[in-house]
Number of protein chains: 2
Amino acid sequence: MDKKIICDIREFNRFYTKVLGLFNNQILGTSYSLTEVRILFEISERTECIANHLVQELSIDKSYMSRIIRKLEREQLIEKKSSTTDSRKNFLLLTKKGKAILDNIHIQSDIQINQLFNGLNDEEINEIVSSMMKIKQKLSKTGGAPVQ
Amino acid sequence: MDKKIICDIREFNRFYTKVLGLFNNQILGTSYSLTEVRILFEISERTECIANHLVQELSIDKSYMSRIIRKLEREQLIEKKSSTTDSRKNFLLLTKKGKAILDNIHIQSDIQINQLFNGLNDEEINEIVSSMMKIKQKLSKTGGAPVQ
DNA sequence: GGTAATTGTGGACTGAGTCAACTAAGGGAG
DNA sequence: CTCCCTTAGTTGACTCAGTCCACAATTACC
């Protein structure tokens, strides 16, 4: 691969590190860590979600996961329902409160996204989003990055 | 902004968080933290670089910066040269060793980038890179993200 | 000269994430 | 059935990145 291309990619990575940093900082205002929010989100998206799936999917240490699950349970954002067919597994579910908090975080995040795109017209926004989709679609194929 | 668009952006953010996570993990193998490497890189790119610029540019706590600078100095990756016109300021410079180590990190990073793009043909790679440049160029204008 | 701003240090701390050892349950192979 | 290996999760002890705050030294401003 060409030096110029590698350089451009690295430049984009530095740039987007900062963009994502903004979002992470916003989450810092919520008394939940980025990892905790990712976990809440994954639980909200999955049916029959168990901790070990998240350990693999999000590359989180299982002991750390265990403690986060306990914290979220204590704060009543999630509930465990142990599997009837395999008592090692606990299905994780968002509570009403958990859903509300995740929704709220998303609303905050929406505001931030709007800020980031502020001043761009619809055509420009569409160009950016389709660029994003193209990057994701192409890079997902390579296996260099986890699938999603 | 449209719900679908916001959703797509968030999806891309999650995806690219993972991509960047791969690079960060690679750096973990070098006994330097991501922040330390960013500092080394910024020093290498600037002339008359002082710690306080980096504090602002990279959004790092100044006491933390002070300690990192000290560490990098102790390990002889950088040198301080105090300004003749303002004795509060110290210009930061990479040593030969510092340059060598940064180069090496970049070589490792090149390998990782190649892995990430493995299996894509030149046309696809160009599409991705120009998508990245488009995103950076458009989003840089909005001020939602720091300029570079 | 006095006051405010800039640049940098040091101490004390929080909290995210890691490592290793362990329990408990399930899944075969013989 | 039982021995053994794998999977799911827990606990304790720890590291280290990053933050907060008070402070020293120098410079800029009026």
Side-chain angles (χ1 to χ4, degrees), chain A residues 17-18 20-40 42-43 46 48-75 78-93, chain B residues 17-18 20-40 42-43 46 48-75 78-93:
Chain A
T17 295
K18 281 183 197 168
L20 291 174
L22 291 180
F23 288 99
N24 300 356
N25 266 327
Q26 172 249 309
I27 285 175
L28 278 185
T30 65
S31 86
Y32 297 99
S33 73
L34 179 60
T35 303
E36 285 163 347
V37 173
R38 286 164 83 200
I39 289 170
L40 287 177
E42 289 291 334
I43 293 174
R46 291 161 184 265
E48 307 213 324
C49 173
I50 71 167
N52 212 42
H53 292 164
L54 302 183
V55 162
Q56 285 156 24
E57 176 66 26
L58 302 176
S59 309
I60 296 172
D61 183 82
K62 60 186 176 171
S63 69
Y64 187 33
M65 177 66 74
S66 173
R67 274 179 265 263
I68 290 179
I69 295 292
R70 197 197 301 152
K71 176 191 168 189
L72 296 178
E73 214 183 352
R74 215 169 33 225
E75 299 188 7
I78 66 175
E79 277 174 348
K80 279 184 187 170
K81 257 205 151 41
S82 98
S83 163
T84 52
T85 61
D86 183 346
S87 62
R88 291 169 307 177
K89 298 179 183 173
N90 292 306
F91 296 124
L92 303 174
L93 298 162
Chain B
T17 295
K18 281 183 198 170
L20 292 174
L22 291 180
F23 289 99
N24 299 355
N25 266 325
Q26 172 247 310
I27 285 174
L28 277 184
T30 65
S31 85
Y32 297 99
S33 74
L34 178 59
T35 303
E36 286 161 348
V37 173
R38 287 164 81 199
I39 289 171
L40 287 177
E42 290 290 334
I43 293 174
R46 292 159 183 267
E48 308 215 324
C49 174
I50 71 167
N52 213 40
H53 293 164
L54 301 183
V55 162
Q56 284 156 24
E57 176 65 25
L58 302 176
S59 310
I60 295 172
D61 182 83
K62 60 186 177 173
S63 69
Y64 186 33
M65 177 66 75
S66 172
R67 275 179 265 264
I68 290 179
I69 296 292
R70 195 198 303 150
K71 177 190 167 189
L72 297 178
E73 213 182 355
R74 215 169 36 223
E75 300 188 8
I78 66 175
E79 276 173 350
K80 279 184 188 171
K81 258 206 151 41
S82 97
S83 164
T84 51
T85 61
D86 184 346
S87 63
R88 292 169 306 179
K89 297 179 183 174
N90 293 305
F91 295 125
L92 304 174
L93 298 163

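Labels below follow one simple rule: chain letters A, B, ... track the order of the sequence lines, proteins then strands, and each chain is numbered from 1.
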Under the side-chain contact (heavy atoms from CB on, under 4.5 Å) rule, collect the residues that match up with Val55(B), sequence neighbours excluded.
Asn52(B), Lys62(B), Met65(B)
Starting at CD1 of Ile39(A), measure out to CG of Leu92(A) and round the result to the nearest 0.5 Å.
9.0 Å
Supply the atom-to-atom distance His53(A) NE2 to Ile43(A) CD1, rounded to the nearest 0.5 angstrom.
12.5 Å
Qualifying residues under side-chain hydrogen bond (donor to acceptor under 3.5 Å, both in side chains), relative to Glu75(B), sequence neighbours excluded:
Tyr32(B)
Contact class for Asn52(A) vs. all strands (heavy atom < 4.0 Å): base, sugar-phosphate, or nothing?
sugar-phosphate
Outermost DNA chain D nucleotides near chain B [under 4.0 Å, heavy atoms]:
dA17(D) to dT27(D)
For Glu48(B), side-chain hydrogen bond (donor to acceptor under 3.5 Å, both in side chains) partners two or more places apart
none
Under 4.0 Å, heavy atoms only, any strand: does Asp61(A) hit a base, just the sugar-phosphate, or nothing?
base
Taking the nucleotide of DNA chain C with the closest heavy atom to each, which residue, Ser33(A) or Asp86(A), is nearer the 5' end?
Ser33(A)
Test: Glu42(B) and Arg38(B) ion pair at under 4.0 Å
no
Using a heavy-atom cut-off of 4.0 Å to chain A, what are the terminal contacting nucleotides of DNA chain C, in 5' to 3' order?
dA16(C) to dG26(C)
Sequence neighbours excluded, which residues qualify as salt bridge (Lys or Arg N to Asp or Glu O under 4.0 Å) partners of Arg88(A)?
Asp86(A)
Angle, rounded to 10°, between the helical axes spanning five pairs at each terminus of the helix from dG1(C)-dC30(D) to dG30(C)-dC1(D)?
30°
Just to verify, which of Ile68(B), Thr35(B), Ile78(B) counts as forming a side-chain contact (heavy atoms from CB on, under 4.5 Å) with Leu40(B)?
Ile78(B)
If you find the nucleotide of DNA chain C closest to Thr35(A) and the one closest to Asn90(B), which residue's nucleotide is nearer the 5' end?
Asn90(B)
Set of residues satisfying side-chain contact (heavy atoms from CB on, under 4.5 Å) with respect to Asp61(B), sequence neighbours excluded
Ser63(B), Tyr64(B)
Using a heavy-atom distance cut-off of less than 4.0 Å, which residues of residues 63-72 of chain B contact DNA chain C?
Ser63(B), Ser66(B), Arg67(B), Arg70(B)
Between Thr85(B) and Lys89(A), the residue closer to the 5' end of DNA chain D by nearest nucleotide is Lys89(A)
Test of understanding: with salt bridge (Lys or Arg N to Asp or Glu O under 4.0 Å), list the residues that count as partners of Lys71(A), not counting sequence neighbours.
Glu36(A)
Can you list everything that forms a side-chain hydrogen bond (donor to acceptor under 3.5 Å, both in side chains) with Arg70(A)? Sequence neighbours excluded, please.
none
Partners meeting side-chain contact (heavy atoms from CB on, under 4.5 Å) with Leu93(B) (sequence neighbours left out)
Lys81(B)
Measure the CG-CG distance between Asn24(A) and Leu34(A) for me, rounded to the nearest 0.5 Å.
4.5 Å
